[in-house]
Visitor: 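Before anything else, here's the structure in question.
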Amino acid sequence: MASSANQAPPLAGYNLFEADAPLREAVEREGGAWAQDMLRELGGLAGTEEAIAWGFQANENPPRLRTHDRFGNRIDEVDFHPAWHRLMEVAIGHGLHALPWREPRPGAHAARAAAFHVWSQVEGGHGCPVSMPYAAVPALRQQPELAAQWEPRLTSLDYDFGLRPASTKRGVLFGMAMTERQGGSDLRANTTRAEPIDGDGYLLTGHKWFCSAPMCDAFLVLAQAPGGLSCFLMPRVLEDGRRNEFHIQRLKDKLGNRSNASSEVEFDGAWAAMIGEEGRGIRTILEMVNHTRLDCVIGSASLMRQAVAQATHHTAHRKTFGRLLSEQPLMVNVLADLAVESEATTLLMMRIAGAFDRPTDPREAAFKRLALAVAKYWTCKRAIAAVAEALECLGGNGYVEESILPRLYREAPLNSIWEGSGNVNALDVLRAMDREPESLDAFRAEIAEGHGLDRRFDAALMQLDKMLDAPDITESNARVIVEKLAIAIQGSLLLRYGDPNIADAFCASRFNGAGRTFGTLGDGLRLSEIVERHRPSI
Ligand SMILES: Cc1cc2nc3c(=O)[nH]c(=O)nc-3n(C[C@H](O)[C@H](O)[C@H](O)COP(=O)(O)OP(=O)(O)OC[C@H]3O[C@@H](n4cnc5c(N)ncnc54)[C@H](O)[C@@H]3O)c2cc1C
């Protein structure tokens with residue numbers, strides 16, 4: 001074999017959970033310690049060459065649509081590479097789609113968040129049909145007889161692929177179809193019609209412009225019923241074995257997320273059952289969206305973590321100008337800055353996942369309302385920049401597919417687009433502040449818990465208070481406010497729970513307005529120690 005002089009060894013054969021100190025600490029703090037054995041096992045699997053190869057194979061061999069069989073019958077099926085199915089089997093087998101619903105014990109959402117974080121690092125695309133079943137359950141429970149029928153299979157640990165009547169399957173998956181051609185963010189513009197059939201559900205006619213994972217067994221769909229926009233459960237196969245009138249027009253040719261199929265679909269009198277109240281569809285499906293938004297935060301954190309792991313690993317093996325990159329002061333600064341961002345994101349993600357575990361605590365529920373919108377906006381934006389910078393740490397190798405960084409880079413913007421694009425989330429923050437002031441109170445109370453721990457943080461807090469108390473909060477400056485809220489909550493969490501060197505670097509850099517690129521941390525910080533905390537050792 002040719003020598004690989006001055007090239008890093010592949011980052012494989014390590015445990016992604018064990019190597020992630022901020023994640024391990026947060027799992028304990030948020031009450032998920034009981035899941036550590038599972039997390040350790042999953043972390044080990046995620047680091048194997050075999051699992052890493054599945055991620056590459058599933059993206060190099062994207063799904064293919066088969067609209068018809070050889071006799072000309074419409075079948076609307078999508079074929080996936082076997083690697084996709086292996087990824088799905090592991091995810092479903094570990095309950096990443098259902099842990100809190102199967103084991104409703106304290107810390108279950110936090111444990112599930114950690115597991116999703118670890119396993120998504122192998123491959124991000126299959127996270128979509130893992131996230132949607134997790135998110136569908138709270139919406140489904142608004143129609144108890146449907147929940148009784150579907151939930152046992154929806155939360156099963158069996159990955160049972162293929163279009164068959166649900167009652168004959170060991171496990172089922174759900175997707176969602178909201179977005180239409182004429183409007184995604186503005187769901188009120190939906191035109192798909194739902195006509196009631198006497199005592200037996202509805203027939204839906206219309207289209208959806210985006211419908212991911214169309215091989216799922218059922219979808220939550222928004223459509224206009226006589227009483228207004230309503231939420232429906234639409235199975236792909238009817239109980240008598242016939243295919244529902246759910247037709248896949250084509251698969252989207254996407255920037256990234258290539259292992260996952262995203263389709264355009266048409267409903268031609270497709271049968272569906274209503275969930276929740278007629279005319280209250282947005283409210284019903286928002287139960288689902290709240291959970292998928294959490295997964296966008298987790299997905300962004302996992303992209304950052306994987307990028308930081310790759311960058312810190314590569315630079316510890318690559319020499320330039322006679323020294324390891326990890327010893328070059330300016331590279332150390334870049335790596336440390338990325339590690340700071342990654343840790344701040346992990347802490348925020350786990351804090352919010354913990355709030356999902358405490359829904360009956362009014363302060364936690366109020367905190368979650370605002371924190372989720374803030375975090376969805378901010379962490380998804382930061383992941384894009386962080387992954388790009390980590391990619392550059394590998395030089396030319398980072399631009400080459402085999403390094404995994406191009407895949408992470410293509411995946412990163414997606415979390416910011418779906419489940420409420422950036423502006424929509426930023427405006428949602430303003431809406432929550434205006435209409436649910438208790439959410440802002442809870443959020444501020446949480447930030448204030450960091451008061452007195454760092455003078456730079458305290459000064460920023462004073463400025464934030466002034467800004468929030470001012471009457472001139474406008475739509476146009478929503479992003480400014482959300483950024484300040486995000487940095488304040490991350491600072492507070494880091495000061496209380498993070499590594500002290502990282503909290504110090506965060507306060508020194510994020511509150512003084514300096515440096516808009518990564519690698520602009522000031523002097524006097526313990527940068528090498530920060531990098532070492534985040535470097536996986538193999
Ligand atoms: C790969 C992929 C998979 C997807 N899968 C699904 C799926 O399975 N099911 C599903 O239902 N949808 C899915 N979507 C659709 C996705 O949720 C929408 O694309 C998203 O919600 C944005 O809607 P839109 O594309 O109609 O953009 P628009 O609503 O037209 O928004 C365009 C831009 O304008 C901004 N904007 C909107 N309103 C305002 C405002 N008032 N002020 C300022 N700015 C504003 C938005 O933030 C956005 O940046 C998927 C999308 C992608 C890319």
Side-chain angles (χ1 to χ4, degrees), residues 59 62-63 78 124-136 139 173-192 204 206-223 229 231-234 236 246 248-267 281-282 284-293 295-296 299 303 373 376-378 380-381 384 407 410-431 434 474-482:
N59 283 275
V78 181
H126 78 295
C128 168
V130 173
S131 173
M132 289 192 291
Y134 162 66
L173 298 176
F174 273 31
M176 71 170 146
M178 302 190 292
T179 308
E180 297 189 3
R181 207 173 285 124
Q182 69 281 0
S185 308
D186 185 2
L187 293 170
R188 289 164 309 176
N190 271 210
T191 57
T192 295
L204 268 55
H207 81 284
K208 293 291 165 182
W209 186 232
F210 279 94
C211 176
S212 288
M215 286 299 280
C216 285
D217 298 277
F219 291 82
L220 298 196
V221 178
L222 283 183
L229 196 61
C231 181
F232 295 89
L233 186 162
M234 179 188 285
R236 285 233 41 203
F246 174 113
I248 305 175
Q249 298 304 100
R250 59 174 174 161
L251 299 187
K252 302 280 195 188
D253 184 7
K254 297 176 287 184
L255 166 68
N257 195 254
R258 299 188 79 86
S259 63
N260 181 29
S262 298
S263 64
E264 293 165 22
V265 292
E266 283 194 7
F267 309 139
I282 294 184
T284 305
I285 214 162
L286 268 183
E287 281 293 324
M288 179 170 188
V289 173
N290 273 334
H291 290 76
T292 49
R293 280 188 181 167
D295 283 1
C296 293
L303 287 169
K376 163 74 167 77
Y377 172 81
W378 182 241
C380 296
K381 291 281 175 226
I384 300 168
R407 172 143 57 91
R410 288 193 299 269
E411 191 73 18
L414 181 53
N415 284 317
S416 193
I417 292 172
W418 58 13
E419 311 312 313
S421 307
N423 283 354
V424 171
N425 261 277
L427 294 174
D428 190 40
V429 171
L430 295 199
R431 193 174 312 115
D434 182 41
T474 62
E475 275 196 26
S476 171
N477 66 11
R479 284 184 179 223
V480 177
I481 289 165
V482 180

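All residue numbers refer to positions in the sequence shown, counting from 1. Predicted, not measured: the structure shown is a model, and the values here were computed from it. All ligand and atom numbering here is 1-based and tracks the order in the structure.
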Visitor: Which residues satisfy the side-chain hydrogen bond (donor to acceptor under 3.5 Å, both in side chains) test with Gln182, sequence neighbours excluded?
Guide: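 For Gln182, the residues satisfying side-chain hydrogen bond (donor to acceptor under 3.5 Å, both in side chains) (neighbours in sequence not counted) are Glu180, Thr191.
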Visitor: Of Phe246, Phe210, Phe174, which is the lone residue that meets ring pair (Phe, Tyr, Trp, His ring centres under 6.0 Å) with Phe219?
Guide: Phe246
Visitor: Decide, yes or no, whether a salt bridge links Arg250 with Glu264 under the criterion of side-chain N to carboxylate O below 4.0 Å.
Guide: yes
Visitor: Do the charged groups of Asp434 and Arg431 touch, with an N to O distance under 4.0 Å?
Guide: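 Answer for the salt bridge query: no.
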Visitor: CD1 of Ile285 to OG1 of Thr292: how many Å apart, nearest 0.5 Å?
Guide: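 Interatomic distance, Ile285 CD1 to Thr292 OG1, rounded to 0.5 Å: 9.0 Å.
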Visitor: Distance from Leu255 atom CG to Arg410 atom CZ, nearest 0.5 Å?
Guide: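 Nearest 0.5 Å value for the CG-CZ distance: 7.0 Å.
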Visitor: List, ordered by chain and residue number, the protein residues whose closest non-hydrogen atom lies under 4.0 Å from any atom of ligand 1.
Guide: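 Within 4.0 Å of ligand 1, protein side: Met176, Ala177, Met178, Thr179, Gly183, Gly184, Ser185, Phe210, Cys211, Ser212, Lys254, Ser262, Leu414, Ile417, Trp418, Glu419, Ser421, Asn423, Val424, Leu427.
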